[in-house]
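Given the structure is predicted, the values throughout are model-derived calculations rather than measurements. Every chain is numbered from 1, with letters handed out A, B, ... down the list of sequences.
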Amino acid sequence: MKSHIRKVVVLGSGALKIGEAGEFDYSGSQALKALKEEEITTVLINPNIATVQTTEGVADFIYFLPVTPFFVEQVIAREKPDGILLSFGGQTALNCGIELYRSGTLEKYGVEVLGTPIQAIMDTEDRELFVNKLKEIDVRTPASIAVTSVEQALEAARKLGFPVIIRSAYTLGGQGSGFCTSEKELRSLSQKAFSYTGQILVEESLKGWKEVEYEVVRDNHDNCITVCNMENFDPLGIHTGESIVVAPSQTLTNSEYHTLREMSIRVIRHIGIIGECNIQYALDPRSEEYRVIEVNARLSRSSALASKATGYPLAFVAAKLALGFGLPELKNSVTRTTTACFEPALDYIVCKIPRWDLNKFTGVSHHIGSSMKSVGEVMSIGRSFEEAIQKGLRMIGQGMHGFVGNRNMEFDEIEKELAEPTDMRIFVIADALKKGWTVEQISKLTRIDSWFLYKLQNIVQLEEKLGAFQSLDELPDDLLREAKIQGFSDFQLARIILKTDPEHIEHRLLDVRKHRIKRGIVPVVKQIDTLAAEYPAMTNYLYLTYSGVLHDVPFEHDNRSVVVLGSGAYRIGSSVEFDWCSVSALNTVKKRGFRSIMINYNPETVSTDYDICDRLYFDELSFERVMDIIELEMPRGVIVSMGGQIPNNLALRLYQVKAPVLGTSPLSIDNAEDRHKFSSMLDQLGVDQPRWRELSDLSDIYDFVEKIGFPVLVRPSYVLSGAAMNVVSNRDELDHFLKLAADVSKKHPVVVSEFIQHAKEIEIDAVAREGEIMAYAISEHVEFAGVHSGDATMLFPPQKIYFETVKRIKRICREIAQELNISGPFNIQFLARDNDIKVIECNLRASRSFPFVSKVLKTDLIELATDVILGFPVEKLHKSTFDLDYVGVKAPQFSFSRLQKADPILGVDMASTGEVGCLGEDFYEAILKAMFSVGYRIPRKAILLSTGEPRSKVEMLNSARALKEKGYLLYATRGTQQFLEANGIDSTVAHWPDEESKPNTIDLIRKKVVDLVINIPKNLTKTELSNDYLIRRNAVDYNIPLITNARLASAFILAFCKMDMNDIKIKRWDEY
Amino acid sequence: MNEPRKVKLLLEDGTEMTGKSFGYEKPVSGEVVFNTAMTGYPESLTDPSYRGQILVLTYPLVGNYGAPAEETENGLLKYFESDRIHISALVVSDYSFQYSHWNAVNSLSHWLKKHRVPGIFGIDTRALTKILREKGTMLGKVLMNGDTVDFYDPNRENLVEQVSIREKKVYGNGKYRILLIDCGVKYNIIRYLLQLDTTIIRVPWNYDYSKEEYHGLFISNGPGDPKQCGTIIEHIGRSLKEDKPIFGICLGNQLLALAAGADTYKLKYGHRSHNQPVRLVNTPRAYITSQNHGFAVNNETLPSEWEPLFINVNDETNEGMKHRSKPFFSTQFHPEASGGPTDTAFLFSEFIRNIQEYIGEE
């Protein structure tokens, strides 16, 4: 090991976004653990306050600052580290590191880049360098020829052979790219492309080739291993982040597997990786021809998946190798006796399935392809592909019960859907198989290897067989067992055999459960041991399967274990914050002398690290599976309040079968979850709430809206298409929405609520014990109500709320806690206008903001809550929230740039994919740090203003004046310009996108004349394609910071007009 | 499709497991061993080292890519390690009745039936592996249709005799003449050597090669207990007195050790996988290797003119040895892989370099 390295800076990846999510909390945490083991002082820079890695004790020093060269340099200057780790914080950290290297900053401060040298990183990042580097060792990459005319394109295609793909260099959104099978097609497409750009690339097409990845590790003695290979179920052309992926590969022969493996090693030796990297191949499905697609010289989403798939701690080992250790010196942390210099042997199959949330966005295409749109993923483990895929499809958590047994999964245009895949593709395959399409037909259209399709066909055929039975008693045991081996859930069986309707299925699936337990058809627990049982292993990493007869582990049944239910797939609305809560709960359980048991299935998390708990069940969070585990473990209790909505929703059902749910009674949880029960409780307490009604008749809806007045929030319970929830401002919109989105009936009522505008939104996160509040944190939103709380910018402690408001909020909170007899964490959201307080939501579980307020307070509210839940005495938190002499700001991160055509606008549905939290001595400093952390910059030149309705125009007036005083050039759309002029502020008219006159808003954006765009939508409805949309979308596509909320825009503008980058203090968390 | 027939796997310790048949239906007995490789069943099934053994694959999904065609190349079957299936029976968890691969011509089931080898699926292979691991390997039998068969211990027989070639056979027409003692050689060894400008003289295990003209001696892999192969050990002993380069693999390593005067023993945990790390002695270099052996050379018993060449990083057992002064070396692992990683294929070139030096080319 390098003995001169005593202090190391680790760069995090910032907020979670599409393409860069929780996997880097996992890899960063592992790296920090590895450094800590060597007694190296660690300095972490990461503004993502909800992560586990930014928890006290994980790193020695933590800076909640943007991962940008400006801030990292200042931290380096202050901390004087010996080394820096760049490969644990995704592309964000890598890019930042490359910039610091290029600018000479690292050299200036004598900071050594640990692990893969920068030159090697650059060789993999630059396409041309990369292709040439691989050419040196005769490794093939896709052939590509740059051309500048149609004739040249044709010539290039003749050379490469049809089909070819043409790509336009330097255009956005894939305009002018496409697939050509003939000269005619190429001629027409390239002509079109040349209207956008002067140069196009003609590339050989690898459409339909298999996509295979290897995770490769190398130490500085040149020892190399491949830890895992993975095969994409979807063929090349679909981004690996959008693909279903299995590990290990299933359709490769020994020769294919090892040819690619050997090449992986050759490539990373030649590039000079030290640590870990990922290499992606295209493999011809009809020969051993291959191409190397790319190498990622850092930990990646795939490496996190490979770690979880194999039990091999890639990030931990990579960090040790960066310190100079050799692979054979390191121990396999699963067996603890064998070496880390080996390649895991799996005796199971894992299946990764992406989770999309495309319904949350307007305008975005549902087609999946070469760019990533998924927001999370799940990993399922089984001993048959059928078991793994069915488990995985349930884990995704979008109402599916597996590959079959789902409702309303019929598709009209199967052929088209198969050929042009969307996020529903797997269910299209199910429908096609049921309708008698052959594997050959489906394979031809999808290019999915027939092996996978045969396996899926097995599921469909078994469903048919099962469907022929009407009762459990006539069902042969062998067939029932086979169904379980193929991953059928009790729910599916209840639906397929008992033909149960949705209303009674919860009850009937218990009958299935009872029946199969009686027949001795139960799952077994197997270990993930990295060696397929070849040597004894000390491993607590477990999963359940029906392909087996013996458990690998004993069950103590000593009343000393506590189960914590995790949060499942990351998705919009539930992400790393609940992982932090889960991990904190596990730590507390352990600290109190109990054995901690985790159930979760998200490969991007720290909670699914097997060394975080005493037992990890990497398995479903379904009622069935949780009960399987509870019946095996017979734990002291189950904690359902840490993992967000998934465990929260299980609480009542677990309670009904007498499972030991700890903390707040599930009956209380139900009282808070059930709209009617909660509402009548508030009425009883005399607590105000926005008026609402659940209505199933159109005339009742109109009558009610008449009474409360527009705007109203409409929530259909059954959605045909489009948005689930909308705010409508007038009768026309209401008509339109009800027609478009909802089938209103007794069975599918609509909830209509009063929508209060211009009200402050305030939240309280608190912990109570038997109804008595032990700790609380009140925070306020910068934006007015109407922006989803997950998309809001949050301030803690609050800066601008009345004392009286706080008093009332505390009183209401106390009353609710008492009434529901809460024991554990909870969160209540309020609207406040003047001192008029209304409750809008109450969750008897940890909320999204628990890590944020805990870290600002420097008091772990989850630890406190867990102590309450476990029945340990706790002291009331005396630290008053107003005593802090600093401010925390939590800001959302959006991923609109990844979601082509989506309207980057905020509304009642959440759209952000992540968040950051930063500290400052005052509000301005904190909000600047937070805004910089989510990609905003201080504009240098000009700002484009389009400030919407009169009220927001007024709201923006002061900040416009401040901008003017700062000397910024202001462009404004006509109405805004007139309003500004009337108020004595000069600005230049910028014409709407659909106008001919110059300067045009779109030109200003595309030519980067403006470097900040403020576009405040005029009303609250989701508008169709419009001028405003074009302005917003172009701002996103051309990477010009965009703000669409007047309150946030004002706050940000006033902040950067008051202070400069250099006024921002570089302070560690512990220095506040 | 007919419902597959139920099959019983019975171990000598009384363990009984029930699965279903996907292979030839006849009762068999043998030594039950496992392999943790995740690919390469056509290679394993035709590996002569598995002679007399009932093979359990720990990787649960088997048969995915079917069985390749029996094409020949340079007088050898192109996609297999010998001319037939050597295992006595195959035991898996999840057999894939449908297969998909461009070079497959048959299903694994069809291929097993053709070679009259039983196959069982639906067995908890992980539970089975843990039993085998703890008790060392064990005898077992595969029973169906109420038939019975006695336990059979292949280690008491001269298995090498069963798998070795019957008559001398010559491959290639290269410059360097290699005398290959066939104890059950895997074809990939011959394939590797043929790439290096060689002529291979493959001789039966007990063949007296003292009259043959050659530049280097190769001792192949093979099944069973090395101590059953007295004749070969005797022949090798004579070669050790000469200076012609020697290279041995697997059983070849053990035979060479016995001929040199060292001892072999049965391992507590046999090595049967594609992921075994070995360290090149006195260096920080390690390689991932393919292994399949239940016996090992005792490092402590190596005579003074010999030293360990490779050591297993996990259990420190012998993975190869070399002579301190003469061009003799051997490995316990399989540099020819097939199946498994190809990290140590350079050893074949090493052998040829020794030959070049010996004949005065360098």
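- When each of A:T335, A:T253, A:I225 is scored by its heavy-atom pairs under 4.5 Å with chain B, the top score falls to A:T253.
- Annotation: maximal heavy-atom pairing with chain B below 4.5 Å, among A:L453, A:V439, A:D449, occurs at A:D449.
- Taking chain B as the reference chain and counting heavy-atom pairs below 4.5 Å, the highest number among A:K331, A:H551, A:Q527 is found for A:Q527.
- Annotation: maximal heavy-atom pairing with chain A below 4.5 Å, among B:H274, B:H101, B:K268, occurs at B:H101.
- A side-chain donor-acceptor contact under 3.5 Å links B:Q291 and B:E319.
- If you measure heavy-atom distances from B:Y59 to chain A, the contacts under 4.5 Å come from both the backbone and the side chain.
- With a 4.5 Å cut-off on non-hydrogen atoms, A:R383 touches chain B through its backbone and its side chain both.
- Residue B:N275 touches chain A through both its backbone and its side chain, counting heavy-atom pairs closer than 4.5 Å.
- Looking only at atom types and distance, the side chain of A:T226 has no donor-acceptor partner in the side chain of A:E215 under 3.5 Å away.
- Of the listed residues (B:N64, B:N314, B:I288), the greatest number of heavy-atom pairs within a distance under 4.5 Å of chain A belongs to B:N64.
- Taking chain B as the reference chain and counting heavy-atom pairs below 4.5 Å, the highest number among A:P248, A:S384, A:G326 is found for A:P248.
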Test B:F80 against B:Y187 for ring pair (Phe, Tyr, Trp, His ring centres under 6.0 Å), laying out the working first.
CA-CA 7 Å; B:F80 301 105; B:Y187 283 174; 9.0 Å; no
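- With a 4.5 Å cut-off on non-hydrogen atoms, B:T283 does not touch chain A at all.
- For B:H110, the NE2 atom is loosely surrounded, since the number of other residues' heavy atoms within 6.0 Å does not exceed 12.
- Heavy atoms closer than 4.5 Å to chain B are found in both the backbone and the side chain of A:P536.
- Contacts between B:R285 and chain A at a heavy-atom distance below 4.5 Å involve backbone atoms as well as side-chain atoms.
- Interface remark: A:N332 contributes no atoms to any contact with chain B (heavy atom separation under 4.5 Å).
- A:P328 touches chain B through backbone and side chain together, each having a heavy atom under 4.5 Å away.
- For chain A, the nearby parts of B:S96 are the backbone and the side chain; heavy atoms of each come within less than 4.5 Å.
- From B:D13, atom CG reaches atom CG of B:L10 across 8.5 Å, with rounding to the nearest 0.5 Å.
- No other option in B:Y99, B:Y65, B:Y269 has as many heavy-atom pairs under 4.5 Å with chain A as B:Y65.
- Between chain A and the residues B:G339, B:S338, B:P284, the largest count of heavy-atom pairs under 4.5 Å involves B:P284.
- Looking at B:E336, B:E43, B:E81 one by one, the single match for side-chain hydrogen bond (donor to acceptor under 3.5 Å, both in side chains) with B:K186 turns out to be B:E336.
- Note on A:T259, A:T338, A:I485: by heavy-atom pairs under 4.5 Å with chain B, the leading option is A:T338.
- A distance of 10.0 Å separates CG in B:N318 from CG in B:N312, rounded to the nearest 0.5 Å.
- Both the backbone and the side chain of B:R126 come within less than 4.5 Å of a heavy atom in chain A.
- Side chain of A:Q390 to main chain of A:Q486: a donor-acceptor pair is present (N/O by atom type, distance under 3.5 Å, no hydrogens or angles).
- A:E386 touches chain B through its side chain: at least one heavy atom from C-beta onward sits under 4.5 Å away, while N, CA, C and O do not.
- Neither the backbone nor the side chain of A:L327 comes within less than 4.5 Å of any heavy atom in chain B.
- A ring-centre distance under 6.0 Å is found for B:Y287 and B:F346.
- More than 12 heavy-atom neighbours from other residues, nucleotides or ligands sit within 6.0 angstrom of NZ on B:K266.
- Chain A forms the most heavy-atom pairs under 4.5 Å with one residue out of B:D343, B:T129, B:N103, and that residue is B:D343.
- For A:Y257, the part lying near chain B is the side chain, with the backbone staying farther off; criterion is any non-hydrogen pair under 4.5 Å.
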Residue pair A:E343, A:R261: steps toward the salt bridge (Lys or Arg N to Asp or Glu O under 4.0 Å) verdict
CA-CA 11 Å; A:E343 300 187 351; A:R261 177 191 172 278; 2.7 Å; yes
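- Residue contact with chain B, scored on non-hydrogen atoms closer than 4.5 Å, involves the backbone of A:Y348 exclusively.
- Aromatic ring centres of A:F385 and A:Y454: separated by at least 6.0 Å.
- No close placement of the B:Y265 and B:F295 rings is indicated, their centers lying 6.0 Å or farther apart.
- Looking at B:N35, neither its backbone nor its side chain comes within 4.5 Å of chain A, counting heavy atoms on both sides.
- A:E256 touches chain B through its side chain: at least one heavy atom from C-beta onward sits under 4.5 Å away, while N, CA, C and O do not.
- Proximity to chain B is limited to the side chain of A:K455, based on heavy atoms less than 4.5 angstrom apart.
- Interatomic distance, A:L252 CG to A:L260 CG, rounded to the nearest 0.5 Å: 6.0 Å.
- Neither the backbone nor the side chain of A:D219 comes within contact range of chain B; no heavy atoms are under 4.5 Å apart.
- A donor-acceptor pair shorter than 3.5 Å can be found between the side chains of A:S287 and A:D284.
- Checking B:S273 against B:Q276 by side-chain atom types alone, a donor-acceptor pair falls below 3.5 Å.
- With chain A as the partner, the residue from B:A127, B:A286, B:S93 showing the most heavy-atom pairs under 4.5 Å is B:A286.
- A side-chain donor-acceptor contact under 3.5 Å links A:S249 and A:N229.
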